[in-house]
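Below: one structure, written as structure tokens.
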2 protein chains.
Amino acid sequence: MNPMDTITQQFTAHNYKLTSQREAIVKVLLDNEKDHLSVEEVYMLVKGSYPQLGLATVYRTLELLCELHLVEKMNFGDGVSRYDLRSEDHDHMHHHLICDSCGKVAEIKDDWLAELEEKLEKEYGFSVTDHRLDFKGTYRICTGSGCKRPKEGQAIS
Amino acid sequence: MNPMDTITQQFTAHNYKLTSQREAIVKVLLDNEKDHLSVEEVYMLVKGSYPQLGLATVYRTLELLCELHLVEKMNFGDGVSRYDLRSEDHDHMHHHLICDSCGKVAEIKDDWLAELEEKLEKEYGFSVTDHRLDFKGTYRICTGSGCKRPKEGQAIS
DNA sequence: CTAGGTGCAAAGACTTTGCATTTAT
DNA sequence: ATAAATGCAAAGTCTTTGCACCTAG
């Protein structure tokens, strides 16, 4: 089944109405799966094909998608929330590489933390339901261009 | 040398004035080293012994401490920035365990990521300057009380 | 003495909410 | 038909900034 159907099906399954706005927003998320879009970015992108869209609807829809565990809300310390589509299997095991010079956020799809999570379970009595792993640094070959995020503190935040 | 002196020394070394407000703020951070305080929390704590303190000064001082790499700014997805004193050696290699039921944030002081950082360097051409690792989950023995953060989304954000 | 710091209040940035209108089911 | 969703604008948070006054060096 294609990802769009999977998602819209979730809507109806939970008795949420499938409005054209919601469809358009989900479509933008799918088309930009690699991008960790902010609310403003989603809004602008959807507005292209749907000019009468309201910003509040984007906030409400993203919140809803979060509630349905279809997207993940995160924060890279630039003052805005960013949203990341979860893969169908809900594994969402990926990590981020944040480039210091251009601000680009890349994803790594492996799960490198399985061992650590076992260790936490055994040695700390802590059972993990979710995790987050971000690295900041620089690519040996960084164009330095394509900077999306103007200012950025020194900490990953 | 005691931590307070180490920090105040950094101020003078960088030609920043050592005001009583700054001293009071640093003292509160030291006294609550384990706590990831928010600006508001720091403000309230300092206000106890220094009632005329302004909130903007807390923001400005924490920003300054960040700039001097004495504290780390971070965001656990509850809408406010939190600040964490860096250990003297500037290694700041610690991870967080965030309890789903009580919201408590615990720290783990080990560095579990050295191997992964090497891998990134070699296989991805990415050299790491900083990282962040948070786990969400529950402690087998969680009191369920002491919740500091009222609402929390499902994602680590 | 004087550059820099402080407190206050106003302004900004991002997000949420109230309400009349519209729409999916 | 009707409960839910939308768009707009207003209100809320958290954070930053402008400015007159104050203070460490």
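Proteins come first, then strands; the chains are lettered A, B, ... in the order of their sequence lines, and each starts at number 1.
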Would you say Leu85(B) ends up clustered with Leu18(B) if hydrophobic residues are merged whenever their side chains have heavy atoms under 4.5 Å apart, either directly or through other cluster members?
no

To the nearest angstrom, how far is Asp78(B) atom CG from dT16(C) atom P?
13 Å

How would you label the contact of Glu40(B) with the nucleic acid (heavy atoms, under 4.0 Å): base, sugar-phosphate, or nothing?
nothing

Can you find a heavy atom in the side chain of Leu65(B) that is under 4.5 Å from one in the side chain of Phe11(B)?
yes

Within 45° cone of Tyr43(A) ring axis and under 6.0 Å: Arg60(A) NZ or CZ
no

Quick check: Phe135(B) with His96(B) (ring centres under 6.0 Å apart)?
no

So which of Gln10(B), Arg22(B), His14(B) actually passes side-chain contact (heavy atoms from CB on, under 4.5 Å) with Leu64(B)?
Arg22(B)

According to a strict under-4.0 Å criterion, is Tyr59(B) in side-chain N/O contact with OP1 or OP2 of dT16(D)?
no

Assert: residue with more 5' nearest nucleotide on DNA chain C, out of Gly79(A) and Ala56(A), is Gly79(A)

Interatomic distance where CD belongs to Glu41(A) and C1' belongs to dA13(C) [whole Å]
15 Å

Does Tyr83(A) have its ring centroid less than 6.0 Å away from the ring centroid of His36(A)?
no

Could you run down nucleotides 19-25 of chain D 5' to 3' and tag each one B, S or - for protein heavy-atom contact under 4.0 Å?
----BBS

How many Å lie between NE2 on His14(B) and P on dG5(C), as a whole number?
13 Å

Do His95(A) and Arg132(A) have side chains that approach each other closer than 4.5 Å (heavy atoms only, starting at C-beta)?
no

Arg22(A) atom CZ is separated from dG7(D) atom P, nearest whole Å, by 11 Å

Lys47(B) has an atom NZ; how far is it from atom C1' of dC8(C), in whole Å?
11 Å

Could you give the CD-to-P distance, from Gln9(A) to dA24(C), as a whole number of Å?
20 Å

Measure from CG on Leu55(B) to C1' on dC8(C) and round the result to the nearest Å.
11 Å

Return the 5'-most residue of the pair Leu64(A), Tyr43(A) with respect to DNA chain D, ranking by each residue's nearest nucleotide.
Leu64(A)

Please list, by residue number, the residues of residues 23-31 of chain B whose heavy atoms come closer than 4.0 Å to an atom of DNA chain D; answer none if no residue qualifies.
none

Tell me whether the count of non-hydrogen atoms from other residues, nucleotides or ligands lying under 6.0 Å of CD in Glu115(B) goes above 12.
no

Please tell me if Gln21(A) has a side-chain N or O lying less than 4.0 Å from either OP1 or OP2 of dG7(D).
yes

Flag yes if more than 12 heavy atoms outside Lys27(B) fall under 6.0 Å of its NZ atom; otherwise flag no.
no

Integer-rounded Å distance: dT16(C) P and Glu63(A) CD
6 Å

